[in-house]
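So the structure is just underneath, and the comments pick up after that.
By convention in this document, chain letters (A, B, ...) are assigned in the order of the sequence lines, proteins followed by strands, and residues within each chain are numbered from 1.
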Protein chains: 2
Amino acid sequence: MTYPIYSDEYFMNIALQEATKAYEKNEIPIGAIIVLRNKIIAKAYNQTESLQDPTAHAEILSITSANQFLGSKYLKDATIYVTVEPCLMCNGAIFWSKISRLVYGANEQKVGFSKFQEAAKKNNLNICHPKLSITKNILEKEAAELMSKFFKSKR
Amino acid sequence: MTYPIYSDEYFMNIALQEATKAYEKNEIPIGAIIVLRNKIIAKAYNQTESLQDPTAHAEILSITSANQFLGSKYLKDATIYVTVEPCLMCNGAIFWSKISRLVYGANEQKVGFSKFQEAAKKNNLNICHPKLSITKNILEKEAAELMSKFFKSKR
């Protein structure tokens with residue numbers, strides 16, 4: 001499948017290629033890329049098993065990688081594409097990095113940040129950076145199918 | 001000051017030594033250590049500036065270090081001592097690592113996880129691992145003073 005160049009689907013499709021690499025290495029198949037002015041500055045996939053590190057989620061690895069690339073602690077004006085809704089740890093990393101935009105694919109009912117954000121907002125709190133823009137459910141079906149396929153293979 | 005061996009104050013004092021290293025390197029002075037059966041298996045201090053990485057909080061660095069030491073993704077039965085209340089990112093890392101006990105020093109009103117946990121609980125959610133035990137305000141004054149001294153020096 002091809003998508004219009006520089007569209008959200010175009011970039012998410014590249015994040016999905018990262019997720020597929022995770023799948024092939026027997027890792028929970030989640031991928032992330034970071035894009036700054038239409039240039040991909042970091043790509044990563046979940047490596048919690050191969051690194052034996054529970055913090056080695058695709059988002060954390062891609063943020064650290066983008067920081068190294070730019071030589072900067074902040075990723076203002078950047079967009080992170082993640083195939084699955086980030087967890088609270090990764091949402092926190094996105095917060096600290098000052099990434100401007102989060103685009104994700106499949107919802108994550110159990111550990112995704114959204115339900116905690118709803119609870120926070122009811123109490124006038126915000127777990128995201130106030131300037132963060134969020135777009136969800138881009139290539140959701142593809143991302144969710146890869147996750148289902150992985151977990152089915154584990155049963 | 002000396003503290004009874006293997007007491008929470010004893011270990012927190014070592015985390016404070018890590019925080020002091022951060023202070024001396026012009027980093028926000030937060031330190032963390034991870035203890036398993038009275039043995040310190042990881043020490044770290046905040047290095048967001050020197051690594052130019054917003055994820056390089058003391059907790060994340062110490063968790064990754066402890067994983068490497070044990071060759072294990074999980075840190076069950078371990079205690080993490082942090083001089084300042086963890087943020088949501090670090091609370092998430094503690095969640096994923098399955099650390100059994102969190103001990104922290106000073107409260108962090110702005111980005112600490114506690115107020116978000118209160119909001120979550122009102123909605124029958126839990127941002128911490130259900131088995132996590134939490135002890136707070138161990139050597140709180142010392143940790144808070146180091147933070148104040150740092151931020152005063154920045155004005």
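Heavy atoms of A:T55 lying under 4.5 Å from chain B belong exclusively to its side chain. Neither the backbone nor the side chain of B:K121 comes within less than 4.5 Å of any heavy atom of chain A. Looking at A:I63, only its side chain comes within 4.5 Å of chain B, counting heavy atoms on both sides. Residue B:I94: no heavy atom, backbone or side chain, is found under 4.5 Å from chain A. Within the 4.5 angstrom heavy-atom criterion, only side-chain atoms of B:N123, from C-beta onward, approach chain A. Heavy atoms closer than 4.5 Å to chain B are found in both the backbone and the side chain of A:K115. Heavy atoms closer than 4.5 Å to chain B are found nowhere in A:N91, neither backbone nor side chain. For a residue to count as touching a neighbouring chain, one of its non-hydrogen atoms must lie under 4.5 Å from one of that chain's; by this rule B:T48 touches chain A with backbone and side chain alike. Contacts between B:N126 and chain A at a heavy-atom distance below 4.5 Å involve the backbone alone (N, CA, C, O). Looking at B:Q68, only its side chain comes within 4.5 Å of chain A, counting heavy atoms on both sides.
Two residues are said to be in side-chain contact when any heavy atoms from C-beta on lie closer than 4.5 Å; B:W96 and A:V111 meet this criterion. With a 4.5 Å cut-off on side-chain heavy atoms, A:F95 and B:L88 do not count as touching. Counting heavy atoms from C-beta outward, B:K122 and A:K122 have side chains that stay 4.5 Å or more apart.
Considering all non-hydrogen atoms of both residues, A:Q52 and B:K73 come closest at OE1-N, 3.0 Å.
Under a hydrophobic-cluster definition in which Ile, Leu, Val, Met, Phe, Trp and Tyr are linked whenever side-chain heavy atoms come within less than 4.5 Å, directly or via other members, B:I33 and B:V103 are assigned to the same cluster. By the rule that hydrophobic residues join a cluster once side-chain heavy atoms approach within less than 4.5 Å of another member, B:I41 and B:V82 end up as members of one cluster. B:Y81 and B:Y104 end up in different hydrophobic clusters when Ile, Leu, Val, Met, Phe, Trp and Tyr side chains are linked at under 4.5 Å. B:V84 and B:I60 are not part of a single hydrophobic cluster, where members link through side-chain heavy atoms under 4.5 Å apart. Tracing side-chain contacts under 4.5 Å through hydrophobic residues (I, L, V, M, F, W, Y), one never reaches B:M12 starting from B:F150; they form parts of separate clusters.
Note that CG of A:D53 and OG of B:S65 are 10.0 Å apart. Values are rounded to the nearest 0.5 Å. Atoms CG and CG, on B:L51 and A:N67 in that order, are 9.5 Å from each other to the nearest 0.5 Å.
Chain B forms more heavy-atom pairs under 4.5 Å with one residue of A:A119, A:C90, A:S72, A:P54 than with any other, namely A:P54.
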